[in-house]
Amino acid sequence: VQLQASGGGSVQTGDSLRLSCAASGNIVSTAVMGWFRQAPGKEREFVAAINLSGSTYKADSVKGRFTISRDNAKNTGYLQMNSLTPEDTAVYYCAAYSSPSQRTVPTRDYRLYRHWGQGTQVTVSS
């Protein structure tokens with residue numbers, strides 16, 4: 001399974017960006033798709049995740065601003081980011097792991113995600 005993340009860029013406070021994560025391979029291998037981010041000098045941080053049935057889970061810091069979604073027909077995940085602030089500046093990674101259940105509750109532990117994309121930089125200036 002390969003994940004290809006795209007959509008990052010440099011924006012200003014209050015702007016929006018939409019990240020995409022295109023996955024190859026069997027969709028079962030990407031039953032859970034998640035987004036993580038890592039800012040310089042900080043640990044990798046859970047942002048959001050979605051299972052095959054479409055249930056979503058988000059970090060408190062992005063609730064009300066970020067929306068995670070997926071198109072199972074395209075095996076592609078998305079992260080719509082609105083009202084961006086400089087605190088959102090980081091490299092964003094998409095990740096995935098397999099599950100026999102469409103309703104599995106995604107883990108927030110990055111160590112349990114088997115497949116990773118290459119990361120896309122998001123920079124928000126004030």
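Remark: R65 pairs with V62, S83, T85, D88 by the side chain to side chain contact (heavy atoms under 4.5 Å, CB included) rule, at least two apart or across chains.
Counting heavy atoms of neighbouring residues, nucleotides and ligands inside a 6.0 Å radius, atom CD of Q2 does not exceed 12 of them.
In this structure a side-chain-to-backbone donor-acceptor pair under 3.5 Å is present from S125 to V11. Using modelled atom types, no side-chain atom of T120 and backbone atom of S6 make a donor-acceptor pair closer than 3.5 Å. In this structure, Q118 contributes its side chain and A5 its backbone to a donor-acceptor pair below 3.5 Å. Side-chain atoms of Y57 never come within 3.5 Å of backbone atoms of R108 as a donor-acceptor pair (strictly under, hydrogens ignored). Between the T89 side chain and the P86 main chain, a donor and an acceptor come within less than 3.5 Å of each other.
Of all non-hydrogen atoms in K63 and K58, the two that sit nearest each other are CE-O, 3.3 Å. Here the closest non-hydrogen pair linking M33 and G77 is CE-N, 3.6 Å. Of all heavy-atom pairs between V122 and M81, the closest is CG2-CE, 3.8 Å.
A donor and an acceptor atom, one from each side chain of D109 and T107, are nowhere located under 3.5 Å apart.
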Q) What do the steps show when you test L84 against F66 for side-chain contact (heavy atoms from CB on, under 4.5 Å), and what is the final call? A) CA-CA 9 Å; L84 286 163; F66 291 12; 3.8 Å; yes
**Q.** Test side-chain contact (heavy atoms from CB on, under 4.5 Å) applied to R70 and I27, step by step
**A.** CA-CA 11 Å; R70 67 187 296 166; I27 195 170; 4.0 Å; yes
Q.
Run T104 and Q102 through side-chain hydrogen bond (donor to acceptor under 3.5 Å, both in side chains) and show every step you take.
A. CA-CA 6 Å; T104 186; Q102 291 191 357; over 6 Å; no
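Between Y93 and Y113, a ring centre-to-centre spacing not shorter than 6.0 Å is recorded. Between W35 and F46, the ring centre distance reaches or exceeds 6.0 Å.
Under a hydrophobic clustering in which Ile, Leu, Val, Met, Phe, Trp and Tyr are joined whenever their side-chain heavy atoms come within less than 4.5 Å, directly or via other members, I50 and Y97 fall into different clusters. At a threshold of 4.5 Å between side-chain heavy atoms, the hydrophobic network of Ile, Leu, Val, Met, Phe, Trp and Tyr places V47 and V32 in two separate groups. Transitive grouping of hydrophobic side chains (ILVMFWY, heavy atoms separated by less than 4.5 Å) keeps Y92 and L3 in distinct clusters.
Here the CZ atom belonging to R103 is positioned 10.5 Å from the CG atom belonging to L52, to the nearest 0.5 angstrom. Of the inter-residue distances, the one linking Q12 atom CD with S126 atom OG reads 9.0 Å to the nearest 0.5 angstrom.
Between Y110 and F36, the two ring planes are perpendicular [angle over 60°; tilted spans 30° to 60°].
Residue pairs that meet the side chain to side chain donor-acceptor pair (under 3.5 Å) test with at least one member in residues 14-33, sequence neighbours left out, are S16-N82, T30-N75.
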